There are 2 protein chains.
Amino acid sequence: MFSIGQVSTRTGVKVPTIRYYEQMGLIAAEERTEGNQRRFSQDGLERLHFIRHARDLGLSIDMIRHLLTIAPSNHAESHRIAAAHLDEVRDRIARLKRLEAELVRIKDSCDGKDECSVLSAFGDHTQCAGGH
Amino acid sequence: MFSIGQVSTRTGVKVPTIRYYEQMGLIAAEERTEGNQRRFSQDGLERLHFIRHARDLGLSIDMIRHLLTIAPSNHAESHRIAAAHLDEVRDRIARLKRLEAELVRIKDSCDGKDECSVLSAFGDHTQCAGGH
DNA sequence: TCTTGAACCTCTAGGGACTAGAGGGATTAT
DNA sequence: ATAATCCCTCTAGTCCCTAGAGGTTCAAGA
């Protein structure tokens, strides 16, 4: 059995965040000591690992709850969630790349000059690749 | 002079968001009508365009306030902000790409099978490219 | 066994960037 | 004049935590 601090160091999830996840219904400490401190089993630790990983991958708490409660018995649904999220991520990458290109343009427009136009570049939409 | 609604349609910034920006000290309506409604000048409109663009580019409200107050007279500072932000964006792109690769792995690991392992894939860190 | 100090507990509030709703007043077009 | 639309302020909610206050429990050393 692990204390919340041990779980925290093993999973990399901060202590208050673990308590927050409990509050949100993602996890629950299997036991409490006489003095009301949480004790987690190996299973609880792995569940938290899963949550951590899924959060790193950008899934929302709701999505994760969904995966944890509905999906274990339903691969099609799990698959759908993963695929939908992949689409989202690809979209975000595309948008960030446009953003990168524009920042380069803004930065370069003023490199090596005494006078630059970062401000007007920020205000100028005409060269934007994508429409806002 | 433009009403808040006209400014909203021209800039694409929603009405409550414009009021929020005012509250945050990014903009201020130049005038008010007898009946206390905001009226914006062309300048105000352009300032909001700038803010909209900078927000699209991912700059925080604080950064934008900084740009609007300190930077106009200080190109070096503006340049620094743009360059620092570019670094951030590149970092985000790199992380998202790792994420994308992993989502593909997770999805493919279960494509076309009757039984899949999305859940265990989410829980499995061993194949992560980057360390969490 | 006692004591110290680290770790734990609950509860409330804050943060960032909005968004939504209530309850009302102003403006504009017919 | 009246209806429709727009606008006002204020409060509270969203998401995912993070920080702090004020107090209790645990583990290890003397």
Side-chain angles (χ1 to χ4, degrees), chain A residues 1-41 44-45 47-48 50-68 85 88 92 95 99 132, chain B residues 1-41 44-45 47-48 50-68 85 88 92 95 99 132:
Chain A
M1 286 300 196
F2 310 98
S3 73
I4 198 168
Q6 290 170 323
V7 170
S8 174
T9 50
R10 269 158 221 251
T11 59
V13 181
K14 287 182 194 152
V15 169
T17 306
I18 297 173
R19 291 200 272 250
Y20 169 74
Y21 287 161
E22 182 183 282
Q23 215 178 302
M24 294 298 102
L26 298 188
I27 45 163
E30 285 82 354
E31 286 179 21
R32 293 278 181 139
T33 62
E34 294 267 306
N36 198 33
Q37 299 198 354
R38 291 169 183 81
R39 286 300 112 104
F40 295 86
S41 68
L45 199 107
R47 193 177 169 98
L48 192 57
F50 171 90
I51 294 165
R52 163 91 156 107
H53 198 189
R55 283 292 304 137
D56 277 353
L57 294 177
L59 281 90
S60 70
I61 296 230
D62 268 359
M63 275 168 143
I64 296 170
R65 199 182 358 241
H66 199 64
L67 275 173
L68 287 169
H85 190 59
E88 262 176 46
R92 253 198 284 167
R95 273 186 291 122
L99 199 162
H132 309 297
Chain B
M1 285 299 199
F2 309 98
S3 71
I4 198 169
Q6 288 171 324
V7 170
S8 174
T9 51
R10 269 159 221 253
T11 59
V13 181
K14 288 183 194 150
V15 169
T17 306
I18 296 173
R19 291 199 273 250
Y20 170 74
Y21 287 161
E22 181 183 282
Q23 214 177 304
M24 294 298 102
L26 297 188
I27 46 166
E30 285 82 355
E31 288 180 19
R32 293 275 182 145
T33 61
E34 293 267 306
N36 197 35
Q37 299 198 355
R38 291 168 181 83
R39 287 299 112 106
F40 295 87
S41 70
L45 200 106
R47 192 178 170 97
L48 192 56
F50 170 90
I51 293 166
R52 162 91 155 108
H53 199 190
R55 284 291 304 135
D56 277 354
L57 294 178
L59 281 89
S60 71
I61 296 232
D62 269 358
M63 275 167 141
I64 295 171
R65 199 182 356 242
H66 198 64
L67 275 172
L68 286 169
H85 191 58
E88 262 175 46
R92 254 199 282 167
R95 274 186 292 121
L99 198 163
H132 309 297

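What you see is a predicted model, and the numbers here were worked out from it, not measured in a lab. First the proteins, then the strands, lettered A, B, ... as listed; each starts at 1.
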Chemist: Below the 4.0 Å mark, does C/dC8 have OP1 or OP2 next to a side-chain nitrogen or oxygen of A/Ser3?
Modeler: yes
Chemist: Can you check whether B/Ile4's main-chain N or O pairs, donor with acceptor, with B/Ser8's side chain at less than 3.5 Å?
Modeler: no
Chemist: Without swapping roles, check the side chain of A/Arg55 against the backbone of A/Leu59 for a donor-acceptor pair under 3.5 Å.
Modeler: yes
Chemist: Are the side chain of A/Thr17 and the backbone N or O of A/Val13 linked by a donor-acceptor pair below 3.5 Å?
Modeler: no
Chemist: Is A/Arg38 close to A/Glu30 at the side-chain level, that is, under 4.5 Å between some pair of heavy atoms?
Modeler: no
Chemist: Using a 4.0 Å heavy-atom cut-off to protein, can you give one letter per nucleotide of nucleotides 13-30 of chain C, 5' to 3': B if the base is in contact, S if only the sugar-phosphate is, - if neither?
Modeler: ----BBS-----BSS---
Chemist: Please report, rounded to the nearest Å, how far the C1' atom of C/dC9 is from the CZ atom of A/Arg32.
Modeler: 8 Å
Chemist: What integer distance in Å separates A/Met1:CE from C/dC8:P?
Modeler: 16 Å
Chemist: Are OP1 or OP2 of C/dC9 and a side-chain N or O of A/Arg38 less than 4.0 angstrom apart?
Modeler: yes
Chemist: Side-chain N or O of B/Arg19 less than 4.0 angstrom from OP1 or OP2 on D/dT11?
Modeler: no
Chemist: If I take atom CZ in residue A/Arg65 and atom C1' in nucleotide D/dC16, what distance separates them, rounded to the nearest angstrom?
Modeler: 12 Å
Chemist: May I ask you to decide whether A/Glu34 forms a salt bridge with A/Arg39, counting only side-chain N to carboxylate O separations under 4.0 Å?
Modeler: no
Chemist: Could you check how far CD1 of B/Ile4 sits from C1' of D/dC6, rounded to whole Å?
Modeler: 11 Å
Chemist: From CD of A/Glu22 over to P of C/dC11, roughly how many Å is that when rounded to an integer?
Modeler: 11 Å
Chemist: Are any of the side-chain nitrogens in B/Arg47 or B/Glu22 under 4.0 Å away from the carboxylate oxygens of its partner?
Modeler: no
